[in-house]
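Reminder, nothing fancy here: chain letters follow the sequence lines and each chain counts from 1. The shown structure was predicted, so the numbers you read here are calculated from the model rather than taken from an experiment.
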Amino acid sequence: MLKLYNTLTKKVEEFIPIDPNEIKFYVCGPTVYDYFHIGNARSFVMADIVRRYLEYKGYNVKFVMNLTDVDDKIIKKSNEERRNANDVTTDYINAFFEDITKLKIKKATLYPKATEHMKEIIDMIKLLVDKKFAYNADGNIFYDVKKFSGYGKLSGKNIEELEAGSRIEVNEEKKDPLDFALWKKAKDGEPYWESPWGKGRPGWHVECSAMSCKHLGKTFDIHAGGNDLIFPHHENEIAQSEAANDKQFVKYWLHFGFLNINEEKMSKSLGNFFTAREVLKKYSAEAIRMFFAQAYYRGPLNFSDDLLSAAEKGLEKINNLVDKINLEIRKNISGAKPGFDFDSYYKRFEEAMDEDLNTSQAVAVIFDFVKEVNRIIASSESVDVNFYDDVKTFLTKTAENVLGIVDFNKKNAGDDKLVNDLIELLITLRTEAKQNKNYLLSDTIRNRLKELGVVLQDSKEGTSYKIGKN
RNA sequence: GGCGCUGUACCCAAGUGGCUUAAGGGGAAGGUCUGCAAAACCUUUAUUCGUCGGUUCGAAUCCGACCGGCGCCUCCA
């Protein structure tokens, strides 16, 4: 029984799908004006883990992530670079897909773009104007926040307090400073679309309402995003969708904690960020995912090299077993079948994940599992290949398919046959040297290979090697 | 000022009334194995959970006060 913390109710609730045959899941995607940073990556990865876990539980998931390709920041960037907005967004959309692929994030069912949903967006605004939830101020359409009685229910804010805070810029055209733009009148040189109110472009929030409605329906199961989207973005989405459709918009709201750097939120505006692609040059996707998975998704998480390295070190322990399993399965030996309670590990894994996605607990289960398997291997003469198959199945279902921290198909050896053959040759020479007690030579071979990123490991069965990243 | 989150070992981090006199990872120390390494395994590393009170047969877990950190309230995952 999966339980999730719902920002809307501020409680951990049992997850009950609207339609058990297909869960509808929407995640706020990137605004494509730049590379996304490793903090953004945390949200994308965690949403991916939620999705994968739902699939582990046997659900079909319709997973939709929007691409915001109309936005002030895009216009700014295109002016700076003196090329049209479309070229800018195309480049960053491509970069986005490159990065999420490297991060082993499963492809969404759909990546709707704002620019391809102008009709739906305009229709929704029209509906809101007709229903008097929005008003026209000289070609700008604003949402009339005071008309929507539930305004503030997600973020726990109320209109009076927000106004008392008064950090909102004053805009003469708005009836109320909290009112937000559904449609922005185009200024000279800005990209625009035709609408009943003249040339312009949609405001930020309305695209998510329009596109989620089109692809997932008026009411859907899960809507997720970073903590900072709770207000105003998601609050405004609720206001738009529920005013337009007269139905509850979303059942479960999930929000991800920030990635901090030196205990401070990583953000584009503070400039204290690393792009995901930068970090991926140094650490594997598995290590990055491990780092995220070891912390609770809602809390803050500090980012540093030391922390990433620690996650990577821990992963190595699992990967050493993965290599061993792959090797043993290739060897295909029949031998003793050790008694092992796989079920209890599946159960513990599921219990952890069911409890509001306690991924740190789930990772601990994986480590416990690895330790027990290693113990069996260390204390047995020959272990049957069937055992290794079962071990592989467990790790595939949990660590690989849900958490994405393991990759059984990752090439440990090089892709290049010549390289592999050369290493094998060196190993043969070193083994001979060892037999002749020429340890000076054998150690030189091992050390020099290590400098090249090839790690040799001796065991009773001979010498194995793995090629690390360099 | 309002709202929300948070404070557990050297570091990261679970646990939210008795199964825990506190998981897991990193680090450190010792040991087994090895020609030596590496890997793996074993052992050690919080009688204590920001502080002070209270509730309870029993609290890291509930309540109160206080101290500290962070976020949102403006674009931001």
- Message: Please tell me if A:K324 has a side-chain N or O lying less than 4.0 Å from either OP1 or OP2 of B:A39.
- Response: no

- Item | C1' spacing across the pair B:G31 / B:G68, given as an integer number of angstrom | 42 Å

- Query: Do the side-chain N or O atoms of A:N260 get closer than 4.0 angstrom to the phosphate oxygens (OP1, OP2) of B:C70?
  - Reply: no

- Kindly write out the residues that satisfy side chain to side chain donor-acceptor pair (under 3.5 Å) with A:N374, not counting sequence neighbours, or none if the list is empty. none

- Message: When you measure from the side-chain N and O atoms of A:N374 to the phosphate of B:A40, is any distance below 4.0 Å, counting only OP1 and OP2?
- Response: no

- Task: Kindly state whether the pair A:F258 / B:A77 counts as stacked, where counting means centroids closer than 5.5 Å and planes tilted less than 30° apart.
- Result: no

- Message: Please determine whether a side-chain nitrogen of the Lys or Arg among A:K3 and A:E355 lies less than 4.0 Å from a carboxylate oxygen of the Asp or Glu.
- Response: yes

- Query: According to a strict under-4.0 Å criterion, is A:R375 in side-chain N/O contact with OP1 or OP2 of B:C42?
  - Reply: yes

- Phosphate-side-chain proximity, A:N158 and B:G2, N/O vs OP1/OP2 below 4.0 Å: no

- Is there a side-chain polar atom (N or O) of A:N227 under 4.0 Å from OP1 or OP2 of B:G71? no

- Query: Below 4.0 angstrom from OP1 or OP2 of B:C36, is there any side-chain N or O of A:K437?
  - Reply: no

- How is A:H233 classified with respect to the nucleic acid when contacts are heavy atoms under 4.0 Å: base, sugar-phosphate, or nothing? nothing

